[in-house]
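Presented below is the structure to which this report refers.
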Amino acid sequence: MSHSTNTFQKVQGLDLNALPKSLEFAQVESKLQGKWTEEKTYQYQEHDTRPVFAVDTPPPTVSGSLHVGHIFSYTQADILARYQRMKGKNVFYPMGWDDNGLPTERRVQNFFHIRCDASVPYEAGLDLPPILSTMTEKELEAKKIPQRSLSRKNFIEHCHKLTVEDEKLFKKLWSDIGLSVDWSLEYATIDENSRKIAQLSFLDLFAKREMVQVEAPTLWDTDFQTAGAQAELEDREIPGAFHDIEFQVEGGGTFTIATTRPELLPACVGITTHPDDARYKSLIGKFAVSPLFGVRIPIFASEVVNPEKGTGILMVCTFGDQTDVQWWREQKLNLRQIIGRDGRLQPITFGSELYPSSDAALANEHYQKVQGKTVKQAQKLMVELLQASGAMKNPPKPISHAVKYYEKGDRPVEIMTTRQWFVKLVDKKEKIIEYGSQVKWHPEFMYSRFKNWTENLSIDWCVSRQRFFGVSIPVWYALDANGAVDFSKPMLPSKEQLPVDPMSDCPKGFTESQRGQANGFIGEADVFDTWFTSSLTPQLGSQWELNPERHRKIFPMDIRPQSHEIIRTWAFYTIAKAMLHEEKIPWKHIMISGWVLDPDRKKMSKSKGNVVTPSQFIEEFGADAVRYWAGLARYGVDTAFDPGIMKIGRRLAMKLFNAGKFVLSNSAEAGEVTEPLDLAFLEKLKAQVGEAVKSFESYEPAQALMEMEKFFWSHFTDSYLELVKSRTWGEKTTADELRVKASAVHALRFGLKTFLKAFAPFLPYTTEEVWSYAFQTEGKSIHQCLYPNVAEFEVFKPGDALVFDAAIATLSAINQQKTLSKVSIARPVTLIRLKANPKSIESLMPALKDVQGATKTEKVEWEPLGSMALNEFSVVAIEYGPDQKA
RNA sequence: UGGCUCGUAGCUCAGUUGGUUAGAGCGCUACCUUGACAUGGUAGAGGUCGCCGGUUCGAAUCCAGUCGAGCCAACCA
């Protein structure tokens with residue numbers, strides 16, 4: 001094998017004076033962003049035959065605020081994508097915007113101070129300014145200005161208007177932080193392609209009978225008046241109270257139940273107790289009579305009842321909680337739905353078939369007091385009524401209990417019976433878990449969160465939402481001769497028709513004039529849960545049935561990066577969908593990033609006011625420095641926000657820039673690497689490269705960064721660079737001087753190249769900048785080069801790493817002595833006497849001249865000592881030359 | 001109540017399958033302007049690895065327990 005060929009190009013025409021004196025991040029960032037866009041550096045090559053690496057990027061909810069957490073997780077994904085690109089993969093890295101859904105509507109409502117009212121007529125060209133530009137939130141509140149009602153169409157227009165603006169902000173941030181996204185693959189979950197694919201998904205699931213329409217008790221958010229899914233619930237610990245209410249027993253006797261929801265007394269449909277509870281055993285099978293309303297209610301036994309809790313006997317209402325639903329189903333109880341969709345108690349009449357009463361007049365009088373009130377108001381009034389009647393046995397006992405809220409909702413969820421579309425998932429929990437286990441989780445333990453959630457799933461996925469800004473459910477219903485709706489036979493569009501909006505498009509065989517008419521049709525007004533669309537992000541990217549060739553190429557995708565709080569939604573639904581549609585997993589790997597906590601280790605949240613906005617830190621430290629902070633965190637581990645780490649990242653970028661400039665400042669021609677120290681350095685570097693690749697391959701890029709940084713600092717800038725300075729710089733004339741100089745120049749440049757490439761996924765700006773000074777000879781961006789690999793080093797003769805270790809140990813010993821003597825490191829040494837193990841001395845010999853040069857040492861004497869540890873050099877005596885300064 | 005994660009220097013964190021004297025950076029202290037970098041360099045102080053047992057020649061690492069922090073879920077009458 002020939003090691004002698006010098007393949008290294010001469011650094012030509014490099015005018016150091018033309019290079020920037022210092023690294024101006026903002027300038028470099030904006031210059032390189034332009035360059036990358038112009039040169040399409042990160043473009044996915046549709047017809048390329050290279051292996052693909054597809055990233056299932058999380059489409060951010062654009063209605064949310066920008067915070068450092070975004071940068072953190074997206075940068076981690078970008079680092080991985082950049083590494084894969086540098087492995088020669090054809091990287092498919094799109095960016096989507098999750099712009100529809102409740103969070104957006106909520107934001108739009110506040111931003112413009114509007115609400116959607118389907119009964120309001122459309123006003124063409126309506127373009128409202130943000131309310132907050134003319135009035136503060138406080139003024140709005142004080143003046144009690146009502147929200148303006150907009151037609152559905154106007155409302156949706158305003159949603160689009162705002163999300164477009166929000167997306168610009170996100171796009172700016174993603175560009176600034178240097179995400180290597182292919183912007184030609186940008187999409188939104190509300191755009192035409194996404195609507196098409198979401199509706200395709202519906203048709204497929206419908207055909208497979210996994211998508212069903214059911215009228216059943218469903219989780220209901222009374223604020224936004226829509227159904228919700230189990231995944232969107234969250235527990236909140238709130239104060240409540242037990243109320244002891246006395247019921248009469250038909251045929252004599254009384255008992256007392258305890259409830260936290262006395263307002264549901266009119267909705268009471270049963271009484272239950274544990275079958276073995278001696279206190280109440282005799283009541284089972286009898287009927288109770290409710291106070292205030294005189295309704296006859298069956299008493300039944302249930303093993304589920306905990307005799308320890310409350311009074312051991314309780315009322316079953318439609319519906320207080322999930323257990324009520326269970327009892328209602330099992331016991332085939334009546335359905336007394338007293339809470340309306342708006343969260344207020346709806347009109348009912350006692351004395352009717354559903355609400356029989358022993359004293360209907362009195363019952364109605366009581367109910368009149370609470371009718372139309374909110375749950376909270378009704379509770380207060382009901383307690384007063386019960387106290388007045390004497391049925392309230394004790395004063396309310398305050399407790400603190402967990403209550404389910406719709407995510408970000410203001411009022412607890414209610415359960416009410418409505419007609420909704422569901423995806424059947426509860427019956428395939430096992431299978432979903434199995435599919436989830438086929439995906440490689442990083443870190444592995446995150447799989448247990450997925451498993452845990454799936455095992456506990458108890459309600460099918462309700463995907464219909466009674467909202468406006470979302471993907472339409474592609475269904476029409478026929479009206480009969482009387483104009484009544486027949487929900488049992490929905491009419492579906494064909495695949496070719498998609499996307500459809502059933503509120504404006506007609507089903508086949510009908511005309512628009514038949515909408516709402518007898519024997520005509522109506523369109524489904526509901527839209528999909530946003531997760532219904534975003535659980536298809538891999539298919540949105542691959543185009544699924546719309547582009548089978550691309551789908552084959554990139555599905556399943558390679559990796560899904562996401563954070564852990566949406567394992568139960570995004571990861572779960574995506575896995576379930578891929579399974580239902582194609583019996584496949586959606587991606588081979590899933591990488592879970594941790595959270596960014598505030599410096600006190602509290603979760604950052606808007607309400608706590610501890611949210612840190614990212615752009616200020618990009619400005620202060622530079623994008624590379626912020627990326628360094630994100631890149632240093634291990635996956636799945638929550639990280640306290642710490643600008644101190646960014647400072648260190650900035651330092652690394654600076655050092656890279658300066659060291660780069662220094663290495664390139666030597667315009668000598670590189671020659672064959674012959675010197676033992678140079679070869680030893682390359683040997684060490686080679687090992688380090690091997691480690692970095694290993695870390696990346698095992699999804700631990702933080703490890704790669706940390707070790708490479710350490711090596712760069714301790715083995716390159718602080719040592720190798722110093723050791724070869726005297727050999728490489730300054731006047732050289734003899735053939736031998738020129739030869740050893742050329743050897744070092746080659747090693748230096750090769751080393752620099754390697755470091756730049758190794759850091760490129762982490763510090764894309766700095767590395768590209770320095771790269772462009774000298775190495776862009778093939779017109780390629782550093783980000784299109786191959787990541788360093790061990791094989792590259794085969795052009796060099798094997799080196800002896802011990803030479804390098806001995807050299808830096810000696811360098812360090814002499815420097816230490818100078819520090820102890822409180823003299824300058826630059827102070828010449830006329831004579832030094834060192835003691836060391838003979839083996840160490842032997843290792844050092846080939847590099848002795850370099851060490852002498854770096855320490856300005858004229859003469860070295862040795863005391864070989866077999867008892868000394870290897871690689872330990874200690875100064876016995878030292879004589880300094882004159883202080884050059886003086 | 002169950003599941004998962006974490007507990008290492010003042011701070012932020014490494015520590016790979018158990019193996020010499022437990023590492024890095026920041027911060028702190030002292031010194032040095034040395035040919036790119038003072039946005040730098042050289043050194044120093046600082047830890048009984050949460051606690052208690054066990055396995056082992058040997059434990060920060062493995063096992064059982066315990067305390068503390070966090071997350072997820074169950075219960076929520």
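In the text below, chain A, chain B and the rest are named by the order of the sequence lines, each starting its count at 1. When reading the values below, keep in mind they use all heavy atoms of this one structure, side chains included, and skip hydrogens, waters and symmetry mates.
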Between [N] atom [atom2] and [X] atom [atom1], what is the distance in whole Å?
X: L597(A); N: C11(B); atom1: CG; atom2: P; answer: 16 Å
X: E237(A); N: C75(B); atom1: CD; atom2: P; answer: 14 Å
X: L752(A); N: A36(B); atom1: CG; atom2: P; answer: 16 Å
X: N452(A); N: U5(B); atom1: CG; atom2: C1'; answer: 13 Å
X: E707(A); N: G23(B); atom1: CD; atom2: P; answer: 16 Å
X: L748(A); N: A36(B); atom1: CG; atom2: P; answer: 14 Å

- prompt: What do you reckon, are the aromatic ring centroids of W629(A) and F72(A) less than 6.0 Å apart?
  reply: yes

Return the nearest nucleotide to the side chain of [X]; candidates are [options].
X: A402(A); options: C4(B), A30(B), C75(B); result: C75(B)
X: K21(A); options: U5(B), A36(B), C37(B); result: C37(B)
X: N658(A); options: A36(B), U34(B), A77(B); result: A36(B)
X: T639(A); options: G15(B), C13(B), G41(B); result: C13(B)

query: Is the NZ or CZ atom of K753(A) both under 6.0 Å from the centre of the six-membered ring of F775(A) and within 45° of that ring's axis?
result: yes

message: Below 30° counts as parallel, above 60° as perpendicular, anything between as tilted: where do the rings of F712(A) and F755(A) land?
response: perpendicular

query: Which word best sums up how the rings of F255(A) and F247(A) line up, parallel for under 30°, tilted for 30 to 60°, or perpendicular for over 60°?
result: parallel

query: Which whole number of Å gives the distance between the C1' atom of A14(B) and that of C49(B)?
result: 13 Å

query: Using atom P of each nucleotide, how far apart are U17(B) and C62(B) to the nearest Å?
result: 8 Å

message: OP1 or OP2 of G41(B) versus the side-chain N and O atoms of R651(A): is any pair under 4.0 Å?
response: yes

- prompt: Just checking A258(A): base, sugar-phosphate only, or nothing, at a heavy-atom cut-off of under 4.0 Å?
  reply: sugar-phosphate

field: Side-chain-base donor-acceptor pair under 3.5 Å for D235(A) and C75(B)
entry: yes

